[in-house]
A.B. asks: 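Take this structure first; my questions come after.
Counting convention: from 1, in listed order, for ligands and their atoms alike.
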Amino acid sequence: MNQKKIVMSGVRPTGLPHLGNWAGAFKNWVDLQEDYQCYYSIVDWHALTSEYQNTKNIRPDVRNVLLDMLGVGIDPERSVVFLQSEIKEIAELFLLFAMFTPLGWLERVPTFKEQQKELKEKDLNTIGFLGYPLLQTIDIIIVRANIVPVGEDQVSHLELAREIVRRFNNLYGNYFPEPIEFLTPIPKLPGLDGRKMSKSYDNTICLSDSAETVDKKIRPMKTDTRRMRRSDPGVPDDCPAFDFHKCFSSEEERKEIVAGCTTASIGCIDCKKILIKNLNNLLDPFRERRKKYESMPVEDILESGIKKTREVAKQTIAEARELMKI
Ligand code: TRP
Ligand code: SF4
């Protein structure tokens, strides 16, 4: 019997995964494989909640996301990697849970109004978009997961997931575990322009970027504005490039940079060269593994993960229906 605790997480197939995805989630996904039974889902229904008007990129993005997941070291021998929309049990459980999930709970999730404001060009006044965190809850509980490695921005969704689980357990009997979030200790990583790293701001470093591209993107990236000239000293804590150093450079390197930056004895390009070297050292093994998988039938990996997830999901549905007397 497999008594390992269950880990579950998901990634939306909307654009190429970037360093922010790695720092916020993928790194933990890889590490947790050691000690837990992990389920990692490519959540194409979640992509649809905001991309329903333009769906042509979703399928190619599923493949890109899958290749990057394998590239960073998700091991399909140990972890179950699957495609959300292939698990129809998720849709069924979502419908059952929609019956007793209060509208107010969903309306109060901060990301609901935030995202509507941020993505004004899209009409996100839909049942699907309002239901996003409920669907995420179902992703988690369909495999009865205990631990959910996500970025900080997802904490409100996990709080809601626990409330919804408690509601089911009170109404029909204690069945689902209350999932807890698992956050990375990695400091927050901004984008190249200092705003949040996000594909919609076009300020990302993609995990699939070549070494040359990383170089081209980092060189002009935003720095502390006090360093207009080479001779002006800067404040690393006000510099997005230094935020990158906090994530990807050694303590020793950071000490040298702080000393050099505050006394103007090191130029920004020298400082960024250290960063470029460290980023490429991190990304090189990912690139190599990704390349290997690119020539393999990765669809088979998904297919096998789908089969395994279905088995668990079928059991969950059967037991939930029994408890609900449906
Ligand atoms: N909402 C998550 C995000 O934007 C993606 C997601 C969907 C997810 N379903 C999930 C994360 C289940 C964890 C567990 O990052
Ligand atoms: Fe930023 Fe480095 Fe330039 Fe200082 S030297 S402003 S830390 S890029």
Side-chain angles (χ1 to χ4, degrees), residues 6-15 17-18 20-21 24-26 28-29 32 38-50 65 82-85 87 90 94 109 111-112 114-115 129 131-143 145-158 160-161 179-183 190 192 194 198-199 218-246 249 253-276:
I6 308 291
V7 165
M8 193 277 150
S9 196
V11 55
R12 279 180 305 146
T14 52
H18 51 68
N21 299 116
F26 287 171
N28 274 343
W29 292 19
L32 288 165
C38 301
Y39 291 86
Y40 297 128
S41 178
I42 302 175
V43 290
D44 50 348
W45 281 333
H46 275 107
L48 214 45
T49 63
S50 59
V65 168
F82 68 100
L83 182 62
Q84 181 189 38
S85 63
I87 312 297
I90 293 174
F94 177 86
V109 175
T111 50
F112 178 57
E114 273 166 27
Q115 292 277 79
F129 190 71
Y132 183 115
L134 173 59
L135 184 58
Q136 181 168 352
T137 302
I138 304 302
D139 284 334
I140 296 165
I141 67 173
I142 198 81
V143 294
N146 311 97
I147 298 162
V148 185
V150 281
E152 201 130 19
D153 59 320
Q154 296 294 307
V155 171
S156 64
H157 291 183
L158 266 294
L160 177 76
I180 50 170
E181 63 272 21
F182 185 86
L183 304 172
L192 296 169
S198 159
K199 153 194 87 110
I218 294 288
R219 277 174 191 268
M221 97 172 268
K222 197 169 177 292
T223 57
D224 177 17
T225 46
R226 292 178 190 84
R227 297 208 72 181
M228 295 294 280
R229 279 158 305 180
R230 170 70 172 74
S231 54
D232 296 330
V235 178
D237 276 328
D238 290 339
C239 173
F242 194 69
D243 286 327
F244 273 60
H245 279 296
K246 285 179 187 161
S249 300
E253 286 170 321
R254 276 199 301 275
K255 269 193 195 143
E256 266 173 46
I257 290 162
V258 171
C261 177
T262 51
T263 56
S265 58
I266 173 181
C268 287
I269 286 297
D270 296 322
C271 175
K272 287 171 170 175
K273 276 187 187 156
I274 301 171
L275 180 57
I276 292 165

A.B. asks: Charged N to carboxylate O below 4.0 Å: is that the case for D238 and R227?
C.D. replies: no

A.B. asks: For the CZ atom on R229, are there more than 12 heavy atoms of other groups (residues, nucleotides or ligands in this structure) within a distance under 6.0 Å?
C.D. replies: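 No - once you tally the heavy atoms of other residues, nucleotides and ligands closer than 6.0 Å, there are 12 at most.
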
A.B. asks: Given 3.5 Å as the limit, does a donor-acceptor pair link the side chain of H157 with the main chain of T137, or not?
C.D. replies: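 Looks like no, no N/O pair under 3.5 Å.
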
A.B. asks: Mind listing the closest non-hydrogen atom pair of C271 and I257 along with its distance?
C.D. replies: SG-CG2, 3.7 Å

A.B. asks: For atom 4 (Fe) of ligand 2, which protein N/O/S atoms are closer than 2.8 Å?
C.D. replies: C261 SG

A.B. asks: Are there more than 12 heavy atoms of other residues, nucleotides or ligands under 6.0 Å from atom NZ of K255?
C.D. replies: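 Open.
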
A.B. asks: What's the shortest heavy-atom distance between P179 and A161, and which atoms?
C.D. replies: CG-CB, 4.1 Å

A.B. asks: For ligand 1, output the ligand-protein N/O contacts shorter than 3.5 angstrom; if there are none, return none.
C.D. replies:
unit_1, atom_1, unit_2, atom_2, d
ligand 1, 1 (N), Y132, OH, 2.7
ligand 1, 1 (N), Q136, OE1, 3.0
ligand 1, 1 (N), Q154, OE1, 2.9
ligand 1, 4 (O), Y132, OH, 3.2
ligand 1, 4 (O), Q154, NE2, 3.4
ligand 1, 9 (N), D139, OD2, 2.7

A.B. asks: Quick one: does any side-chain atom of D224 pair with a main-chain N or O of P236 as donor and acceptor, under 3.5 Å?
C.D. replies: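 The answer is no, because no donor-acceptor pair under 3.5 Å joins these two groups.
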
A.B. asks: Can you name the nearest heavy-atom pair linking R219 to K273, along with the distance?
C.D. replies: NH2-CE, 3.8 Å

A.B. asks: Do you know which two heavy atoms are closest between P149 and Y40, and how far apart they sit?
C.D. replies: CG-CE2, 4.5 Å

